[in-house]
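Contents: one structure, followed by commentary.
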Amino acid sequence: MTIRLHDPESRAFASDNYAGAHPEIIDAIVAANGGHQISYGEDAYTERLHEVFAGHFGDEVAVYPVFNGTGANVTALQSMIPRWGAVVASSSAHIHTDEGGAPERVAGIKLLTVDTPDGKLTPELIDRQAWGWGDEHRAQPLAVSITQTTELGTCYTVDELTAITEHAHSLGMRVHLDGARIANAAAHLDAPLRAFTTDAGIDVLSFGGTKNGLLFGEAVVVLNPDASDGLPYLRKLNMQLASKMRFISAQLIALLTDDLWLRSAQHSNAMAAKLRSALEDAITSGRAPGLAFTQNTESNGIFATLPRPAADRVRERFRFYDWGPTAGGSEQGDGDAPRARDEDAARTEVRWMCSWDTTDEDVAGFVAAIEAALQA
Ligand SMILES: Cc1ncc(COP(=O)(O)O)c(C=O)c1O
């Protein structure tokens, strides 16, 4: 019996998590089904996964599939620092705004946050929190966590990442990369994955799958074996060890084979670029009074401000979230709950996300809805 409880034609620009799983991923799950396989990661798929990740990130890597991004971040960071360690991160980082305090409560890690205008840390911004080593009264800053692409849709260049890792390492700090949207960064930079991770000095990576077409599944990827300890034990005690791991591994293999990861990310980035350019055109031609952009569009997300009544009218057809105070220090993230409202009741900052399955028609329909709402 087939049970369908939703309209398969419904579309939204709220989150890349709203999209379903890519058909090639579903095929991979079906192919991995049937018969018996050893549980907890000793299956044929997880064994192959190590080769697949080594092909993308280098022979030294170790990969640990997990259920979700919060679990990947918390487990990765916990493996990188001792009990007394602290992590420097942007105040708009998902680990700070949208993980329910899990880094603090599950891993016992103090986060030392810095406001950033565009979601990106720099060596100078890191220095605002990287001090006090040897002072027993201060949580010791021993790691930096950055997000690529950032929570504000921006993308670090390879040089910016290298400057961060060189600076952090010179201070004895390790560098974690939250790569929930790492594929969108590769698509934007037009660079292989290892060029801005392993080769740029990143120590441990949370590799994102779900936002790029997986049913569910991410991975902690240790790029520098000297920078992480105890991951197998931490993954289990953080409740991220899948018994039927073959199904996460099979999805990750499919994602990283035949360039599915890149094709999907290129597509979602291209849809965001198309949406942005159509709206810029509408602004120039006077069809979008009151619309302005707050961030560069360097991935699959667009950040904009518009009058609140117009935003609410568009939302009657397409869901999306309010985002919060413009640029930096955002209290919002990527969960499914409606976002908190901007201080200014008349205008709102919003986030519009494209996905691997966003179509030209979706973009055209959304642009028309925005123009109509702004002109009403
Ligand atoms: C930057 C970032 N990191 C991590 C995650 C993973 O979160 P989840 O635990 O919901 O999979 C998300 C998802 O919203 C995200 O946007």
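Ligands are counted one by one from 1 in listed order, and the atoms in each one are counted from 1 as well. In this chain, numbering begins with 1 at the start of the sequence shown. Only a predicted model underlies this, so the values are computations on that prediction, with no experimental measurement involved.
The heavy atom nearest to atom 9 (O) of ligand 1, considering only Ile95, Thr70, Asp178, is found in Thr70. Nearest-heavy-atom check against atom 15 (C) of ligand 1 across Gln148, Glu99, Arg181, His94 picks out His94. Here atom 11 (O) of ligand 1 lies nearest to Gly69 when heavy atoms of Gly69, Gly71, Gly179 are compared.
Gln240 places a side-chain N or O within donor-acceptor distance of the main-chain N or O of Phe67, the cut-off being under 3.5 Å.
Here the rule is ring-ring contact (aromatic ring centres under 6.0 Å, His included) with Phe13, and of Phe366, Phe320, Trp352 only Phe366 fits it.
Salt-bridge annotation for Asp362 and Arg11: present, with a side-chain N of the basic residue lying under 4.0 Å from a carboxylate O of the acidic one.
Aromatic pair Phe207/Phe53: ring centres closer than 6.0 Å. For Trp356 and His22, the distance between ring centers is under 6.0 angstrom.
Close contacts of ligand 1 with Thr147, meaning ligand atoms under 4.0 Å from a residue heavy atom, involve 1 (C). Of all atoms in ligand 1, numbered sequentially from 1 with element shown, those under 4.0 Å from a heavy atom of Glu151 are 1 (C).
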